[in-house]
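We count ligands from 1, going down the list as the structure has it; atoms in each ligand are counted the same way.
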Amino acid sequence: MKIARFSRIGFILAAAGSAVGLGNIWKFPYITGEYGGGAFVFVYLLTVLFIGFSIMIAEMLIGYIGRKDTVSSFESIAPTHKHLWKYGGFQGLAGLFIMIFYSVVIGWIFHYIITSLSTLPASIKEAESTFNTMLHTDIWTQLFYHSVAFVWITYVLTKGIKGGIEKMNLVLMPALMVILVGMFIYALSLDAFPKAVHFMFAPDWSKINSEAFVVAVGHAFFTLSLGMGAIMTYAASLEKNSNIVKAAFWVVFLDTTIAIVAGLMLFTFLYQYGAGPAKGPGLVFISLPAAFYEMGIIGNAFAVLFFIALAFAGLTSSVSLVEPMVQYFIDRFSWSRLKASILMGLFFYLIGIIALLSNIDGFKEALTWGDKNFFDWVDYFTAAIMLPIGGLIMALFVGFVIDKRKVESILKPQLGFAFEAWYFSLRYITPVAMFIVMLNLLGVF
Ligand code: PHE
């Protein structure tokens with residue numbers, strides 16, 4: 001069978017498409033808001049540089065050497081205990097689990113694209129009630145758009161690496177960047193821009209505590225798509241003799257730049273027209289539409305464009321969340337791509353309906369355990385447990401299990417004198433950081 005491979009730019013855009021997602025445009029601004037701005041951004045940038053970048057290279061390396069689905073890659077590369085190491089590859093399941101709520105959120109975004117065409121909420125109060133009404137009562141709207149997301153994502157996956165994933169990223173990623181940069185340039189002209197810069201870059205160290213550190217590490221992982229085999233699966237389709245370090249650099253660079261550009265743009269609009277920065281998860285669904293309303297008719301255009309960009313970011317991440325398991329069933333069970341894509345799609349779609357219902361009044365009660373409903377549990381379980389475990393396994397695998405000479409022979413020419421620093425960070429800094437994050441998120445301290 002001829003294996004389809006990414007073109008060089010196709011790989012970078014697809015991996016960046018995976019990385020740039022709801023995490024950058026929806027989550028990063030609101031956690032920055034919650035943890036006090038500049039100091040948090042500083043810690044986050046350090047984490048991306050020293051932990052995220054290291055694991056990105058490691059994850060790409062496993063895929064690049066293994067050339068197959070994540071389970072087969074671990075199995076074939078491990079020098080001993082292959083039957084145990086192969087479980088490292090089941091991290092791919094995390095992606096399917098993330099999709100359970102990710103697809104529902106993409107559905108909300110679709111809904112907001114359509115409603116922003118005609119109406120925006122006239123106040124924060126109204127915005128809040130619009131959002132909450134949708135979230136807690138409107139089953140059919142959410143179900144409809146969740147279904148649209150499912151069909152779109154599954155269709156792209158059936159078309160494969162070249163004709164589906166690469167093609168979609170080649171169109172949507174540049175479109176997303178044009179929209180964001182366009183809105184950013186507009187934001188530059190507003191009086192509130194310096195305020196946004198100050199908020200995002202002037203550090204207030206009193207706001208930094210251990211929790212902020214943990215959130216920063218966790219977010220660096222999530223936003224760079226690390227720890228669950230998405231990047232690994234894409235890297236399995238890299239051309240031989242590709243420069244992994246360069247590709248990893250570009251992905252990290254694009255992801256970080258887009259998060260910062262999106263953050264500056266959002267905070268400018270919020271300072272100029274809205275109610276200031278810290279508004280939690282509802283930031284883009286509540287505060288932002290209300291700020292756009294103040295801009296008049298151009299606000300509608302901005303809102304529509306913004307939600308389109310957000311949808312694009314979410315969709316390109318989604319295909320990368322499902323592809324590892326699709327690839328797994330193709331490689332290990334000789335399923336056709338069509339069958340694997342549809343069954344994986346149905347998995348997140350159907351369980352996604354339960355996640356959706358767990359926000360709805362009347363169903364909520366039956367679908368809530370402890371302090372979280374099903375939707376929040378899936379989010380928590382993947383972010384707090386699965387991704388850090390995945391990252392830890394990958395760091396240990398590349399740092400201690402694969403023969404150093406092999407790692408060196410591929411990466412030394414690309415990393416040069418930085419090789420030893422990278423290797424050290426992978427062996428010691430990253431595992432310790434991952435461990436601390438996990439303990440914290442599990443509530444140990
Ligand atoms: N990086 C994506 C985001 O920022 C989410 C994601 C996580 C995608 C893990 C793939 C793997 O939204």
Please report whether ligand 1 has a polar contact with [X], defined as an N or O pair separated by less than 3.5 Å (distance criterion only).
X      : answer
Ser18  : yes
Phe222 : yes
Leu22  : yes
Tyr102 : yes
Ile98  : no

Just checking, Lys372 and Tyr380: is the charged tip under 6.0 Å from the six-membered ring centre and within 45° of the axis?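 Yes, Lys372 lies over the aromatic ring of Tyr380.
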
- Kindly determine whether Leu61 and Val407 satisfy side-chain contact (heavy atoms from CB on, under 4.5 Å), including the steps that lead there. CA-CA 8 Å; Leu61 185 74; Val407 177; 4.0 Å; yes

From the list Phe193, Phe199, Phe184, side-chain contact (heavy atoms from CB on, under 4.5 Å) with Thr268 holds only for Phe193

message = With side-chain contact (heavy atoms from CB on, under 4.5 Å) as the test, pick out the partner of Gln142 among Leu357, Ile353, Ile360.
response =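 Testing Gln142 for a side-chain contact (heavy atoms from CB on, under 4.5 Å) against Leu357, Ile353, Ile360 leaves exactly one candidate, Ile360.
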
Give the numbers and elements of all ligand 1 atoms closer than 4.0 Å to a heavy atom of [X].
X      : value
Gly23  : 3 (C), 4 (O), 12 (O)
Thr223 : 1 (N), 4 (O)
Ser320 : 10 (C)

re atom 11 (C) of ligand 1, the protein heavy-atom contact at minimum distance is Met228 SD, 3.1 Å

shortest atom 8 (C) of ligand 1-to-protein heavy-atom contact is with Ser225 OG, 3.2 Å

Give a yes or no answer on whether the side chain of [X] reaches the backbone of [Y] with a donor-acceptor pair at less than 3.5 Å.
X      : Y      : value
Gln327 : Thr233 : no
Asn359 : His136 : no
Lys82  : Ala78  : yes

Quick look: Ala19 vs ligand 1, heavy-atom contacts under 4.0 Å, and the answer is backbone

Quick look: Lys27 vs ligand 1, heavy-atom contacts under 4.0 Å, and the answer is neither

- Query: Going by atom types only, do Thr70 and Gln91 share a side-chain donor-acceptor pair under 3.5 Å?
  - Reply: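 No pair is found: no donor N or O on one side chain lies under 3.5 Å from an acceptor on the other.
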
